[in-house]
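Side chains are part of it too, since the values below use all heavy atoms of this structure and drop only hydrogens, waters and symmetry mates. Numbers here are sequence positions counted from 1.
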Amino acid sequence: KSTVTLLSSISASALPCKRQSAANSLGQDIFLSTGSPRTFLNASSAWQTVECATTTFRLKPGQRALVASNFNAESDCKGSSPTNGQWCQTRALLNGAEGAPVAAEPSSFAFDNVSGGDYNWQAHSMARAWEVTCQNTDGCVYRYTVQTRMHDATVTSMWLDEIAAHIEVTYGAPAPL
């Protein structure tokens, strides 16, 4: 059991999160969302879990799946210098592994940058994918999580609103070329 504490968030109260899902013989479709904003302060380059963008799903023993996710939010990345070219990062993890594609600089997906200054809200998105096969005879639980962090000390905060994550779990063998 692990616990994530959001000490660097401005508000300590939990966001109202919504989870919508459907499952059938072909897979699972999960949609996570909140319409409430959250500001993440720079936590010395530590990754912080984005509320309402974390869930779990299960696979049966031997079951293979393609897991595709899309995370999007309205964002505002703020910094002490709007002209220094710095950015706010996001990453999507499945059981701790970052989804493809992975940037050449590990964990460096620039979700937003500081160049717009304060109150420069924009919609941003990130898609990631994993191929997984359950090797456990008791079945497998997979944990999907989105995290954010500031690229360097000059980035002061990342504001996210209208957070949404869509996770599609499609069962089956790889598609032929």
Side-chain angles (χ1 to χ4, degrees), residues 1-20 30-57 67-131 142-168:
K1 180 179 176 184
S2 64
T3 303
V4 175
T5 305
L6 295 176
L7 296 176
S8 58
S9 296
I10 286 181
S11 172
S13 62
L15 294 179
C17 302
K18 186 170 187 177
R19 184 184 195 273
Q20 298 167 282
I30 304 165
F31 189 80
L32 310 168
S33 64
T34 185
S36 298
R38 170 72 79 212
T39 299
F40 296 89
L41 301 177
N42 193 324
S44 301
S45 297
W47 286 102
Q48 301 173 66
T49 298
V50 176
E51 287 175 89
C52 305
T54 297
T55 193
T56 60
F57 63 89
V67 180
S69 77
N70 185 42
F71 171 75
N72 59 74
E74 186 178 6
S75 66
D76 189 14
C77 181
K78 299 178 183 182
S80 58
S81 173
T83 59
N84 71 356
Q86 290 300 313
W87 60 93
C88 294
Q89 300 169 273
T90 58
R91 67 180 181 180
L93 304 172
L94 190 63
N95 284 4
E98 192 167 359
V102 177
E105 178 187 340
S107 302
S108 190
F109 183 82
F111 193 76
D112 196 358
N113 64 50
V114 300
S115 66
D118 291 351
Y119 309 108
N120 183 35
W121 306 293
Q122 300 171 6
H124 293 277
S125 183
M126 171 185 68
R128 292 292 184 264
W130 301 259
E131 290 181 83
Y142 292 89
R143 182 174 182 78
Y144 172 84
T145 304
V146 174
Q147 296 179 326
T148 187
R149 78 173 176 186
M150 310 327 115
H151 187 252
D152 79 0
T154 65
V155 182
T156 56
S157 66
M158 168 86 134
W159 175 87
L160 296 175
D161 192 12
E162 299 178 45
I163 295 165
H166 183 202
I167 303 100
E168 294 176 280

Side chain N113, main chain Q86, donor-acceptor under 3.5 Å: no
Minimum heavy-atom distance W159-T39, with the two atoms named: CD1-OG1, 3.2 Å
Under 3.5 Å donor-acceptor, T156 side chain and K78 backbone: yes
Heavy-atom closest pair, residues C88 and V155: SG-CG1, 3.6 Å
Contact summary for W87 and C77, nearest pair of heavy atoms: C-SG, 3.8 Å
Heavy-atom check, side chain of I167 versus side chain of S69, under 4.5 Å: yes
Side-chain heavy atoms of F40 within contact of R149, under 4.5 Å: no
OG-CD1 distance between S33 and I163, expressed to the nearest 0.5 angstrom: 9.5 Å
Where A73 and L160 come nearest, the two heavy atoms and their spacing: CB-CD2, 4.0 Å
Nearest heavy atoms of R91 and M126, plus distance in Å: C-CE, 3.8 Å
Separation of N84 CG from T154 OG1 (nearest 0.5 Å): 4.0 Å
Side chains of T90 and M158 in contact at under 4.5 Å (non-hydrogen atoms): yes
Side-chain heavy-atom pair F31, K18 within 4.5 angstrom cut-off: no
Pairwise side-chain contact, V50 with F71, heavy-atom cut-off 4.5 Å (strictly under): yes
Nearest heavy atoms of R128 and A92, plus distance in Å: CG-CB, 4.1 Å
T148 vs F111, side-chain contact (heavy atoms from CB on, under 4.5 Å): CA-CA, chis, key distance, verdict: CA-CA 9 Å; T148 187; F111 193 76; over 6 Å; no
Separation between CZ of R38 and CG of L15, rounded to the nearest 0.5 Å: 4.0 Å
Distance (rounded to the nearest 0.5 Å) between S157 OG and L41 CG: 6.0 Å
Min side-chain heavy-atom separation Y142-V67 under 4.5 Å: no
Donor-acceptor pair, side chain of Q147 and main chain of W47, under 3.5 angstrom: no
Heavy-atom check, side chain of E51 versus side chain of T34, under 4.5 Å: no
Value rounded to 0.5 Å, distance of CG in L93 from OG1 in T54: 9.0 Å
N42 side-chain N/O to D152 backbone N/O, donor-acceptor pair under 3.5 Å: yes
Parallel, tilted or perpendicular: rings of Y144 and W130 (30°, 60°): perpendicular
